[in-house]
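In what follows, chains carry the letters A, B, and so on, assigned in the order in which the sequence lines appear, proteins first and then strands, with residues in each chain numbered from 1.
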Protein chains: 2
Amino acid sequence: MPGAIDTLLRRLETIGYVTDTDRALLADLPIRIVELGRGEDAASDGNVVSQSCVLLQGFMHRYKVLPDGGRQILAFHTPGEIPDLHSLHLTKMDHSLAATERSTVGFIKHTDISALLERSPNITRLFWRATLIDSAVFRMWMVEMGRRPAVAHLAHLVCEIYTKLHVIGLARNWVFRLPAVQEEIADALGLSAVHTNRTLQDLRARQLIQFEAGNVRILSWPGLVRLALFDPSYLHLREDVQLPEG
Amino acid sequence: MPGAIDTLLRRLETIGYVTDTDRALLADLPIRIVELGRGEDAASDGNVVSQSCVLLQGFMHRYKVLPDGGRQILAFHTPGEIPDLHSLHLTKMDHSLAATERSTVGFIKHTDISALLERSPNITRLFWRATLIDSAVFRMWMVEMGRRPAVAHLAHLVCEIYTKLHVIGLARNWVFRLPAVQEEIADALGLSAVHTNRTLQDLRARQLIQFEAGNVRILSWPGLVRLALFDPSYLHLREDVQLPEG
DNA sequence: CGCCCACTTGAACGTGTTCAAACGTCGTGG
DNA sequence: CCACGACGTTTGAACACGTTCAAGTGGGCG
């Protein structure tokens, strides 16, 4: 995969500053490129792992399955992110990480990551910061789940994903791919699939989005933002990144 | 405050191993001891901060307030934790941190923490791990909020707090302090205060707990664990710590 | 004594769930 | 080429969990 770390770099540069020496160090990281099929786990709940993966192409989600079969999706991840970087210090997975659609990931051994971090305090800070931003997103989701009505929550999720894709250049003109089926969106929102379907129809009826076959078109960004009360500061992006506006 | 870092050490030793040199380094940390009144913020949403605080005595919670006045409590914190350690790398607060009851905290400047971390890769790992465990707890809460009925969720919260207090020696014999009023518990569970009241009565009627004036007595740990489906592995405690049992 | 705060109770209401069935599309195999 | 099955989406209707509003209780403290 040519420029595997370019994807990682683009993401890192949206949340902090990368020096040239860091760039060189990252380029030297041994990465094993793997193609994951839809729904395939990159890491599974309960397992002790010795590698993390950077998402290069596609879409991933983290999730937890309950004894009764219920599932809660905890996060969606976009290219350049390292969804299971936390496993570097919490080697036993307390949830699973899967490809939402067919995706390309790059596995990096923990030993190689540790060696890299020893050599660059700046990358240490950046990687730590990346895990802290995951944490900030969890907090935001908790607020959405606990205190917001279904439509607003769904609108917020759309705003979040669009913003994340936009800043790495993977979304323009209010169109993007959200390769999740309604049941997955439901599991992310903490709702039933039936109600998620009706909530989507609500958003459509309000002329805020189109959503079909994993393709979203935002019809009114200001309308969505207002409904969602979306404020991107919790994403802790660099002050100089270009946020969506319109 | 004699042995301010002892409290911190006790917590750190439940999640990892601290060397003697680390102990010495920690003991040298300049700490400013402050008493916080009930409800008083140690750090507030939107502020840029240059210090973090270790909870020495009492109880804290993190929360976010919505434009409509609603509040979501994101976490409860027990002595020895550094609830806003994340602000080391996310200096702009995206939520607030407050004392749940009158508490003693020790403020540590970020510059001093950074200096410490530069000298000890082991403490860096431990501190990073601590923030990752916060993250793991957020994930668990998301599952509880999204996929569990109110009683089970409440039971889970009780199990979590008892376990955290137990491992640092602040709870024995199934009795502990949970100095939160019902409205705070409601805001933590994502429920209304009224329904939280009824859910508490439900737990009492099931003979699982007593709860009065911030004092909890667990009447049947196995019963609570079963109802909550409580599995402490998400707390990522050291394998050799003594978990509650009975 | 009187007020404030937290807790409690009742009753109507509403958002979201559950169960069940139907529809459409796509890929596969007869 | 069509039949079939799998899967995702959509719809209807009954139900339930949790909310909201409103009032009342009780203890602690000035």
What does R147(A) touch in the nucleic acid at a heavy-atom separation under 4.0 angstrom: a base, only the sugar-phosphate, or nothing?
nothing
Which whole-number value in Å describes the distance from D187(B) CG to dT19(D) P?
11 Å
Considering only dT8(C), dG16(C), dA6(C), which nucleotide approaches the side chain of N197(B) most closely?
dT8(C)
Among the candidates dT8(C), dG8(D), dT19(D), find the nucleotide nearest to the side-chain atoms of R204(B).
dT8(C)
Please determine whether a side-chain nitrogen or oxygen atom of R198(B) lies at a distance below 4.0 Å from atom OP1 or OP2 of dT20(D).
no
How is A193(A) classified with respect to the nucleic acid when contacts are heavy atoms under 4.0 Å: base, sugar-phosphate, or nothing?
nothing
Can we call the ring centroids of H86(B) and H95(B) under 6.0 Å apart?
yes
Side-chain N or O of Q182(A) closer than 4.0 Å to phosphate OP1/OP2 of dC7(D)
no
To the nearest Å, give me how far apart CG (L191(A)) and P (dG18(D)) are.
14 Å
CG of L200(B) versus C1' of dT9(C): gap in Å, rounded?
15 Å
Rounded to whole Å, CD of Q210(A) lies from P of dT9(D) at a distance of 16 Å
Closest heavy-atom pair and its distance - P83(A), C53(A):
CD-O, 3.2 Å
Shortest non-hydrogen separation from A43(A) to M93(A) and the atoms involved
CB-CE, 3.8 Å
Rounded to whole Å, please give me the gap between CD in E212(A) and C1' in dG8(D).
13 Å
Nearest listed nucleotide, side chain of V194(A), among dA6(C), dT9(C), dG12(D)
dG12(D)
Using 30° and 60° as the class limits, which term best fits the ring planes of W221(B) and Y162(B): parallel, tilted or perpendicular?
tilted
What is the separation between atom NE2 on H195(B) and atom P on dG14(C), rounded to the nearest whole Å?
18 Å
Spacing of E184(A) atom CD relative to dT9(D) atom P, expressed in whole Å
9 Å
Should L224(A) and F230(A) count as side-chain neighbours, where that means a heavy-atom distance under 4.5 Å?
no
Would you please confirm or rule out a distance under 4.0 Å between OP1 or OP2 of dC7(C) and any side-chain N or O of Q201(B)?
no
Without decimals, in angstroms, what is the distance between H153(A) NE2 and dG16(C) C1'?
14 Å
When you check the phosphate oxygens OP1 and OP2 of dA6(C), does a side-chain N or O of R38(B) lie under 4.0 Å from one of them?
yes
